[in-house]
Amino acid sequence: MRSLLPLFVVLPLVAAAVSVALARVPKAQRTVAVVTIGATVALAVVVLVSVDRDGPLRMNLGGWPGRIAITMVADRLAAVMLVLGAVMLLVVLFYALGQSGEGARSPWYVPAYLVLAAGISAAFLAGDLFNLFVAFEILLAASYVLITLEGDDDQIRAGTTYIVINVIESLLLFLAVGLVFAATGTLSMAELPGRLAELPVGIAVGLNVLLLIAFGLKAAIFPLFSWLPDSYPTALSPVTAVFAGLLTKIGVYALIRTETQLFPGGQRTLLLVIAGLTMVIGGLGAIAQVDMKRILSFHIVSQIGYMVAGLALGGVAAIAATVFFIIHQIPTKTALFLVEGVVEQDTGTSALDRVGGLARRSGVFGLLFLLPALSLAGIPPFSGFVAKLGLIEAGFGLAEWVIVGVAVAASLLTLLSMVKIWTGVFWGDPQPHPRGRVGVIRHHRLMGAVTAATVALGLAVAVAAGPIWRFCERTATDLVASAPERGGDR
Amino acid sequence: MSVVLAVLIGVLAAAGTALLLQRSLTRIVLGVGLLANAANLLVLAASARPADAPIVGNDGRLGDPVPQALILTAIVIGFALVSFLLAVAYRAWTISGNDQVEDDIEDRRLAAALRARAARQGDAPADPGPPARPEADR
């Protein structure tokens with residue numbers, strides 16, 4: 001079973017190489033991508049079931065001893081992230097196939113996308129800090145290509161910001177990894193917690209904060225988020241969707257590892273303050289915007305605040321809420337960006353004052369936006385409600401009233417900006433359209449179908465909330481209890 | 001850790017940071033290069049005592065090879081990223097004739113619209129809405 005783990009990285013990388021060779025045969029290229037990512041989804045589900053039943057999987061590549069080998073570890077958190085990541089990559093790939101336009105037809109989209117897939121899987125499976133750094137580099141390098149794929153004025157301008165900020169993040173992460181090694185003599189996630197606990201407090205706090213800054217930049221938490229709403233909206237819609245759904249969550253994933261396993265309970269107050277500010281500032285930023293894609297981009301920031309809040313509160317209930325929040329957030333956020341992509345494809349813009357009356361042109365399409373939007377705002381009975389309820393309950397349990405109040409207030413801000421999109425894009429009289437007053441989805445069947453599937457996935461999280469919640473509790477128990485060691489050898 | 005190395009790391013990091021704060025992308029790329037070297041040297045300096053032998057033979061005190069492997073990987077990655085940044089800088093130059101890094105255009109537009117609205121307050125009660133997007137709109 002454990003020999004499946006390297007496949008998550010090897011398969012997409014080999015497929016990327018093959019698809020470069022097939023650059024002149026777009027059809028074959030896309031078939032390779034669909035088959036590869038489809039296979040990753042199946043493998044990820046197998047790994048998730050196995051890990052949930054029999055405990056974590058661990059693999060030292062090439063049979064080298066632990067200290068030298070590249071270690072891959074799949075525990076419950078890693079396995080569920082693998083499944084979510086693979087499913088979203090597959091969904092967005094289908095979506096991109098349905099899109100017309102210059103960038104989506106670029107022969108470099110598929111190879112870069114496959115490398116991104118490899119990097120994402122490698123980040124989730126990384127069993128030591130340095131491999132986490134390398135995995136980040138793989139997925140970042142692919143994301144640089146994707147974000148500047150069209151190479152036009154806007155993308156180059158925003159892409160520059162994105163690349164420079166992420167290069168700085170990489171440098172900080174490398175520095176943190178090097179210093180952790182210098183202080184402890186190991187980088188393995190299994191050995192680090194014990195060694196770090198023996199360090200003098202000052203050094204431990206320094207290392208912790210350095211890692212927090214590095215991963216916080218990636219996750220776009222409060223003072224470090226301003227690159228995100230600038231750069232994400234300029235990319236192609238399928239690219240933005242996968243970035244919004246997955247990339248910031250990988251930062252959060254790394255933060256979870258750092259704060260629960262490496263430095264349990266460290267920087268609790270700091271994280272609480274950051275979480276509250278991230279929620280509110282992201283929400284306020286969203287309200288100020290007049291473009292659908294930018295509103296949604298600011299929402300990414302706001303929602304990251306909730307995840308960090310659960311992390312800051314600590315304890316099984318709060319960590320479980322954070323994990324549930326991620327499981328809810330990835331399909332919901334992706335679905336919203338997919339809706340935005342259809343709007344942009346159909347009308348040529350996503351500026352609120354240029355689009356209007358889409359609900360009258362297609363009621364189903366309006367519903368496809370409405371369901372995830374309400375879920376994001378935390379309206380019952382959607383998954384966002386369950387996630388926020390879990391978080392608020394955990395806050396009650398720990399008597400952290402301030403963060404609970406901020407969380408509730410920030411979800412009102414979310415609702416307000418969703419209303420803003422709704423009135424701007426879906427209400428009102430339809431704008432004159434070259435094809436006359438016709439449905440939206442009719443012209444974008446594949447994109448519409450994929451969007452509907454993603455929305456359905458988000459709803460499924462709400463329907464299966466009970467089992468998923470219990471899974472999240474098991475995950476959180478693992479993380480909290482096994483803080484000294486992450487998974488045993490099998 | 002030797003004093004020379006410490007000073008060198010400090011100078012490299014300071015120069016790199018100063019270059020990073022410039023508007024020209026070419027200077028930013030140079031700054032990234034200097035900062036990356038500072039980071040590599042810092043890890044090297046933190047990994048071994050001065051005068052330790054590199055990994056040759058089995059005698060005497062040896063430097064730990066793991067950080068050197070880390071640095072080697074980081075150098076390769078840094079090289080790739082700097083080349084990509086240079087390509088982006090070249091593209092920016094072919095598009096706009098310079099390689100200045102610009103602010104968030106949409107954000108500036110929003111701020112300008114707000115200022116204009118505040119200035120008009122009183123004589124124009126109707127919301128004029130934000131002005132049309134610049135030519136970059138697709």
Side-chain angles (χ1 to χ4, degrees), chain A residues 67-68 101-102 129-130 133-134 136-138 140-141 144-145 148 150-161 163-164 166-168 170-179 181-183 185-187 226-227 229-231 233-234 285 288-291 293-294 344 348-349 351-354, chain B residues 16-17 20 25 28-29 31-32 35-36 38-40 42-48 64-67 69-71 73-74 76-78 80-82 84-85 87-89 91-96 99-107 109-111 113-114 129-138:
Chain A
R67 188 165 175 268
I68 310 171
E102 188 78 17
L129 269 184
F130 188 70
F133 165 74
V134 173
F136 264 67
E137 291 310 313
I138 296 175
L140 284 175
Y144 300 155
V145 176
T148 53
E150 285 178 302
D152 62 13
D153 192 11
D154 246 8
Q155 285 196 350
I156 290 292
R157 183 193 61 76
T160 309
T161 317
I163 296 171
V164 170
N166 276 298
V167 166
I168 295 170
S170 305
L171 280 177
L172 285 173
L173 184 55
F174 174 67
L175 210 54
V177 170
L179 293 180
F181 185 84
T186 180
L187 287 171
S226 52
W227 57 271
D230 182 21
S231 54
T234 57
Q289 301 300 317
V290 292
D291 184 290
K293 219 172 182 178
R294 285 182 65 96
E344 200 175 319
T349 174
L352 294 186
D353 55 336
R354 298 246 209 122
Chain B
T17 313
L20 211 55
L25 193 50
I28 293 177
V29 174
V32 167
L35 266 183
N40 290 339
L42 182 57
V43 173
L44 185 70
S47 70
D64 190 339
V66 174
L70 304 189
I71 294 168
T73 317
V76 175
I77 293 172
L81 293 186
V82 165
F84 191 83
L85 261 177
V88 171
R91 179 81 192 176
W93 179 75
T94 51
I95 288 178
S96 60
D99 66 343
Q100 302 288 302
V101 177
E102 288 166 53
D103 287 335
D104 186 343
I105 292 171
E106 182 87 10
D107 227 30
R109 202 173 64 78
L110 271 179
L114 279 179
R133 304 233 298 175
E135 83 301 323
D137 198 1
R138 289 182 308 269

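Taking all atoms of both residues into account, the shortest heavy-atom contact from B:Ile95 to A:Gly151 is CD1-O, 3.4 Å. Contact between B:Ala39 and A:Leu171 at its shortest, heavy atoms only, is CB-CD2, 4.3 Å.
Using a 4.5 Å cut-off between heavy atoms, A:Leu140 does not touch chain B at all. Residue A:Ile138: no heavy atom, backbone or side chain, is found under 4.5 Å from chain B. For A:Tyr144, the parts lying under 4.5 angstrom from a heavy atom of chain B are both the backbone and the side chain. With a threshold of 4.5 angstrom between heavy atoms, B:Leu35 approaches chain A through its backbone and through its side chain. Only the side chain of B:Ile28 comes within contact range of chain A, with at least one heavy atom under 4.5 Å from a heavy atom of that chain.
No side-chain heavy atom of A:Phe130 sits under 4.5 Å from any side-chain heavy atom of B:Val66. Side chains of B:Leu70 and A:Phe174 form a contact here, defined as non-hydrogen atoms less than 4.5 Å apart. Side-chain contact between A:Val177 and B:Val43 is absent, with no heavy-atom pair separated by less than 4.5 Å. Using a 4.5 Å heavy-atom cutoff, the side chains of A:Glu137 and B:Leu81 are in contact.
Judged as a side-chain contact (heavy atoms from CB on, under 4.5 Å), and not counting sequence neighbours, the contacts of B:Thr94 are B:Tyr90, B:Arg91.
Contacts with chain B were tallied for A:Val145, A:Leu187, A:Leu175; A:Leu175 has the most, counting heavy-atom pairs under 4.5 Å.
Between the CD1 atom of B:Ile77 and the CZ atom of A:Phe133 there is a distance of 4.5 Å, given to the nearest 0.5 Å. The line from CG of B:Leu20 to CD1 of A:Ile168 is 4.0 Å long, rounded to the nearest 0.5 Å.
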